[in-house]
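Supplied in structure tokens, the structure appears directly below.
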Amino acid sequence: MRTALIVFWMLFFSATSALAQVSIGIGLPSVSIGINLPLFPELVRVPGHPVYYAPRLNSNYFFYDGMYWVYQGDNWYASSWYNGPWGLVGPEVVPLFVLRIPVRYYRVPPPYFQGWRREAPPRWGEHWGRGWEQQRSGWDRWDRKSAPAPAPLPVYQRKYAGDRYPQVEQQHALHGSNYRYQPRDTVVRQHYQERALQRAPAPPQRGQQAAPQRGQQAAPQQRSPAQQDRQTPKSSQRDVPQVKGASQEPRRAQGQEKDRDKGEDRGQDRKR
């Protein structure tokens, strides 16, 4: 009996830990949820909400705060690109304005939506339980007049369709250079910060110099003493007067003066 209780508590805590990890934020974009969009979808504004929905898709597909949101299989998923890949989002951190989307804008509502008011948001408290409702207390109460403006649609993604749809590594770079919107929701901001950290280059290893940035000059490399001896230019001998040549010039000049003196003496002797 004691062994059975120990096994039960181990399984309970492992399951609780797994749920807590899912609920931290948006998971890594690696989940396939069966959505395969060949083109950028048509998105229409939900009246009175800073959210768009896709009326022509057979899916609960939305756009809010710079990201796409899908409700499928009792789970929420998010992606920064219209055709994924998707990251799992825990119910404790789903943005409030996503939770407030009225029932009528779910194109494929789950069976438990039946009987709920079409103009009101889903009864998430009934579905996710009292613990969730206490944690997200007041999620369905808000001033419609103070709703923020919707984020601009990332229409640049229209040219990336079919075979041109980018891989995950390319998606981050393209999104960062083409979509300048700054998200408001804390979970969405955290998601983009984590992606930015993953894209940041690794620091140079010890003994290696980082490549100079644009407009900067590379730092001069240090040379060993042997290299400095080889690199140091030898003293120019042309600039230093030669001792031998310097001693010969005065002697040659003195010899010429003696020859002139002898010539003058001979000339005077002849006149005599």
Side-chain angles (χ1 to χ4, degrees), residues 21-46 49-54 57 59-72 75-90 93-99 101 147-205 208-216 218:
Q21 292 178 0
V22 170
S23 302
I24 290 174
I26 301 174
L28 294 177
S30 59
V31 181
S32 176
I33 58 177
I35 292 180
N36 187 17
L37 302 181
L39 299 172
F40 187 84
E42 176 189 0
L43 295 170
V44 178
R45 172 85 179 275
V46 175
H49 295 256
V51 183
Y52 291 84
Y53 80 108
L57 295 184
S59 177
N60 303 316
Y61 189 103
F62 308 98
F63 180 83
Y64 166 73
D65 206 27
M67 297 193 71
Y68 304 89
W69 304 82
V70 171
Y71 187 68
Q72 183 172 298
N75 289 315
W76 280 103
Y77 302 91
S79 176
S80 57
W81 278 75
Y82 68 89
N83 198 33
W86 303 89
L88 181 65
V89 186
V93 296
V94 176
L96 294 179
F97 282 104
V98 174
L99 297 175
I101 299 172
L153 295 174
V155 293
Y156 77 93
Q157 296 181 6
R158 289 176 179 170
K159 59 183 179 181
Y160 296 98
D163 295 338
R164 297 195 61 192
Y165 195 79
Q167 299 295 324
V168 178
E169 296 77 10
Q170 299 172 325
Q171 289 181 0
H172 301 318
L174 291 172
H175 195 76
S177 59
N178 291 277
Y179 193 67
R180 301 300 184 182
Y181 171 77
Q182 297 297 322
R184 294 182 298 265
D185 192 272
T186 303
V187 175
V188 180
R189 287 200 307 268
Q190 180 182 3
H191 170 76
Y192 281 115
Q193 290 172 0
E194 292 175 355
R195 300 287 84 79
L197 290 176
Q198 292 178 1
R199 296 196 306 269
Q205 297 180 358
Q208 295 181 353
Q209 292 185 349
Q213 297 181 357
R214 199 175 202 180
Q216 294 181 348

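Along the sequence shown, residues carry numbers from 1.
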Backbone of Leu37 reached by a side-chain donor or acceptor of Asn83 within 3.5 Å
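Judged by distance alone, yes, a pair lies under 3.5 Å.
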Looking only at heavy atoms, what is the nearest atom pair of Ser59 and Gln72, with distance?
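Closest pair (atom of Ser59, atom of Gln72, distance): OG-OE1, 4.5 Å.
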Counterpart residues, side chain to side chain contact (heavy atoms under 4.5 Å, CB included), relative to Gln167 (two or more places apart):
Glu169, Gln170
Assess whether side chain to side chain contact (heavy atoms under 4.5 Å, CB included) is satisfied between Val89 and Trp69, documenting all intermediate values.
CA-CA 9 Å; Val89 186; Trp69 304 82; 4.0 Å; yes
How would you list, by chain and number, every residue that makes a ring pair (Phe, Tyr, Trp, His ring centres under 6.0 Å) with Phe62, sequence neighbours excluded?
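Applying ring pair (Phe, Tyr, Trp, His ring centres under 6.0 Å) to Phe62 gives Tyr106.
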So do Pro95 and Asp65 actually touch side chain to side chain, heavy atoms under 4.5 Å?
no
Which residues share a side-chain hydrogen bond (donor to acceptor under 3.5 Å, both in side chains) with Tyr165, sequence neighbours left out:
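Tyr165 satisfies side-chain hydrogen bond (donor to acceptor under 3.5 Å, both in side chains) with no other residue.
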Hey, does the side chain of Gln171 reach the backbone of Trp81 with a donor-acceptor pair shorter than 3.5 angstrom?
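Absent.
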Counting N and O atoms only, with roles assigned by atom type, does the side chain of Gln182 sit under 3.5 Å from a partner on the main chain of Arg189, one being a donor and the other an acceptor?
no
Begin from the C-alpha positions of Met67 and Asp185 and carry the test side chain to side chain contact (heavy atoms under 4.5 Å, CB included) through to its verdict.
CA-CA 11 Å; Met67 297 193 71; Asp185 192 272; over 6 Å; no
What residue pairs, at least two apart or across chains, pass salt bridge (charged side-chain N to carboxylate O under 4.0 Å, His left out) with a residue in residues 36-46?
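Listed by first then second residue: Glu42-Arg56.
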Contact between Pro148 and Phe97 at the side-chain level, heavy atoms closer than 4.5 Å - yes or no?
yes
Return the CG to CD1 distance between Asn60 and Ile101, rounded to the nearest 0.5 Å.
9.0 Å
Might you point out which heavy atoms bring Arg184 and Pro50 nearest each other, and give the distance in Å?
NH2-CB, 4.5 Å
Give the table of side-chain donor-acceptor pairs shorter than 3.5 Å for residues 151-161, with sequence neighbours excluded, one pair per line with atom names and distance.
{"from": "Tyr156", "atom 1": "OH", "to": "His175", "atom 2": "ND1", "distance (Å)": "2.7"}
{"from": "Gln157", "atom 1": "OE1", "to": "Tyr68", "atom 2": "OH", "distance (Å)": "3.0"}
{"from": "Gln157", "atom 1": "OE1", "to": "Tyr82", "atom 2": "N", "distance (Å)": "3.4"}
{"from": "Gln157", "atom 1": "NE2", "to": "Ser80", "atom 2": "O", "distance (Å)": "3.1"}

Apply ring pair (Phe, Tyr, Trp, His ring centres under 6.0 Å) to Tyr77 and list each qualifying residue two or more places apart in sequence or on a separate chain.
none
